[in-house]
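This report refers to the structure that appears directly beneath it.
Just follow the structure's listing: the first ligand is 1, and inside any ligand the first atom is 1.
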Amino acid sequence: MDTQSKQIVFEQLQALLHDRVVDNETTRNEHGVGFSYHACTPPDWVVYPSSAEEISEIVKICAANQIPIIPFGAGTSVEGHILAVNGGVCIDLRLMNQILEINHADMYATIQPGVTRNQLDEALQGTGFFFPIGPGVNATLGGMASTRASGTNAVRYGTMKENVLSLKVVLPDGKLIKTGSKAKKSSAGYDLTHLFVGAEGTLGVITELTLKLHSYPQAIYAAVCSFPTVEAAVNTTIQTIQKGIPIAKIELLDEQMMRAINRYSSLNYAETPTLFLEFHGSQAELEEQVEQVETIAKSFGAKEFIWEKDEAARTKLWRARTDAAPASVAYRKDGQLMSTDVCVPISRLAKCITETQLDIEETGIYAPILGHVGDGNFHLTIVIDSNNPEEFEKAKALNKRLVKRALEMEGTCTGEHGIGIGKLSYMTLEHGEAVSTMWTIKKALDPLNIMNPGKLLPVLD
Ligand SMILES: Cc1cc2nc3c(=O)[nH]c(=O)nc-3n(C[C@H](O)[C@H](O)[C@H](O)COP(=O)(O)OP(=O)(O)OC[C@H]3O[C@@H](n4cnc5c(N)ncnc54)[C@H](O)[C@@H]3O)c2cc1C
């Protein structure tokens, strides 16, 4: 875009938003990288709308001038989702952070997209309800819906896919639509809600969400248990799931990850593969579940179980798990995080993780493993020396082999992080001809290709 046209767009945005249009370098750079390992690619402007109507007007200005739009929540996505690869307008949704309704009778909350998960947690305190989906950082609910995020509770409560009832969305032509309803289920037409959940901002801007709430459990127990091998820990997970024990969290940390968290948080856990577990239910249900899981774990050679029942001790126990990503980064001086995840059918999980561990060892890259293993989902928290191009290439090749392994096991190239630009090249490998069907949908809704262009869908020949 030439300088004169840019000036015209800037003036149109300013007339609408006044000082809520920012073009200084610091703000642009802050919005150009997220938590990804990709180089910063800033937008031309960052705008801060305060209503769906303003978003609609911004989108109309961009559509008239064929300017890319990048919706922005908290910028915690890891695959380069919010990079402005073709410049354009970054729509930062932080001012749209109102909790509009908490409905006790029908157990839902209606919120604006910039509400963060911590903010929602706080608003639900004392209501007897909670919203179970939470990545390991304070992401926004709009961003979480757009990446179809999950996290530690997904094994019991599902992902954003299962927990969004209804959305309001500004489409790429500026039209505002509502999808879904407040009813628990519906057979009325195409399921547009779930077209936008996971669309990574490529089909529209979410301006409102209605989310399912869950009753806060009567009792919660947490536990840590160490195993002689990764296989033993994963087989314990598989049997727990196959027996239908409704565990709320079951998280694997491998030897390297345990070493990193011990050092980071001055703890002294055994530095062997370890499961962090959590159980939700009534006291009687929990006693039964705990006994069943202990029996399974011991049959696979589990060593000691550490149980925590009161809230402060549970929070301390989970703190170690939550700090896993910063602990891995801190383990290597000047290290840069290159996080990646895959997901496989649970029966293949042990094979997938043990082959990956062997690959990591042979490659000589620092890559502790962390898994939401109850779903068959695990992450490599690769930490590389960003000034060493050879190491970067080795890490990329390791990631590629990981994805190939997961796909060969009929899994997916990402269980929860999404595609962004980091996993674009695997879309055709995973979906084949279905990628052109995705393009058909994209072109129908966004013929000018202005909504977060260059993300999620690879260019086809
Ligand atoms: C330490 C760490 C731990 C993490 N752990 C997890 C985890 O356990 N599980 C997990 O799933 N993820 C995890 N993540 C990844 C990340 O937190 C999620 O992808 C999260 O959903 C991103 O939310 P956000 O608000 O930061 O969105 P952003 O990063 O701002 O945006 C993400 C994508 O959504 C689009 N978008 C944002 N808001 C809207 C909107 N209102 N309308 C339309 N599109 C929109 C953006 O354009 C972009 O494509 C982790 C990240 C880090 C750094």
Would you mind listing which atoms of ligand 1 come within a distance below 4.0 Å of any non-hydrogen atom of [X]?
X: G201; value: 43 (C), 44 (N)
X: I82; value: 30 (O), 31 (O), 46 (C), 48 (C)
X: G143; value: 21 (O), 23 (O), 24 (P), 25 (O), 27 (O), 37 (C), 38 (N)
X: A74; value: 24 (P), 25 (O), 26 (O), 27 (O), 30 (O)
X: N452; value: 47 (O), 49 (O)
X: M144; value: 21 (O), 23 (O)
X: A149; value: 11 (O), 21 (O)
X: P113; value: 41 (N)

Verify the distance criterion only: is there a donor paired with an acceptor across the side chains of [X] and [Y] at less than 3.5 Å?
X: E430; Y: T412; answer: yes
X: T414; Y: D341; answer: yes
X: K400; Y: S425; answer: no
X: N262; Y: Y269; answer: no
X: E79; Y: H417; answer: no

Considering only the protein, which heavy-atom contact is closest to [atom], and what is its distance?
atom: atom 35 (C) of ligand 1; value: S146 CB, 3.7 Å
atom: atom 25 (O) of ligand 1; value: T140 OG1, 2.7 Å
atom: atom 9 (N) of ligand 1; value: E416 OE2, 2.9 Å
atom: atom 23 (O) of ligand 1; value: A139 CB, 3.3 Å
atom: atom 1 (C) of ligand 1; value: V137 CG1, 3.5 Å
atom: atom 22 (C) of ligand 1; value: T76 OG1, 3.3 Å
atom: atom 21 (O) of ligand 1; value: T147 OG1, 2.8 Å

Report the member of [options] with the shortest heavy-atom distance to [atom].
atom: atom 11 (O) of ligand 1; options: G80, S150, P135; answer: S150
atom: atom 42 (N) of ligand 1; options: V169, L167, V78, I206; answer: I206
atom: atom 32 (C) of ligand 1; options: S77, G420, S36, G73; answer: S77

Taking C-beta and beyond as the side chain, do E416 and H372 meet within less than 4.5 Å on heavy atoms? yes
When you compare the side chain of K442 with that of L203, does any pair of heavy atoms fall below 4.5 Å? yes
With respect to [X], determine whether any N or O atom, backbone or side chain, lies less than 3.5 Å from an N or O atom of ligand 1.
X: G136; answer: yes
X: P71; answer: yes
X: G75; answer: yes

Looking only at heavy atoms, the pair that brings V137 and R117 closest together is O-CD, 3.3 Å
Can a cation-pi geometry be assigned to R259 and Y331, taking NZ or CZ under 6.0 Å from the six-membered ring centre and within 45° of the ring axis? no
Would K6 pass as a cation-pi partner of F10, given that its NZ or CZ must be under 6.0 Å from the six-membered ring centre and within 45 degrees of the axis? no
Answer with yes or no whether S339 contacts ligand 1, where contact means a heavy atom under 4.0 Å from a ligand atom. no
Can a non-hydrogen atom of H372 be found less than 4.0 Å from any atom of ligand 1? yes
Using 30° and 60° as the class boundaries, would you call the ring planes of H31 and F72 parallel, tilted or perpendicular? tilted
Any heavy atom of L93 under 4.0 Å from ligand 1? The part involved is side chain
Proximity to ligand 1 by part of T207, non-hydrogen separation under 4.0 Å: neither
Has K168 got more than 12 heavy atoms of other residues, nucleotides or ligands less than 6.0 Å from its NZ? no
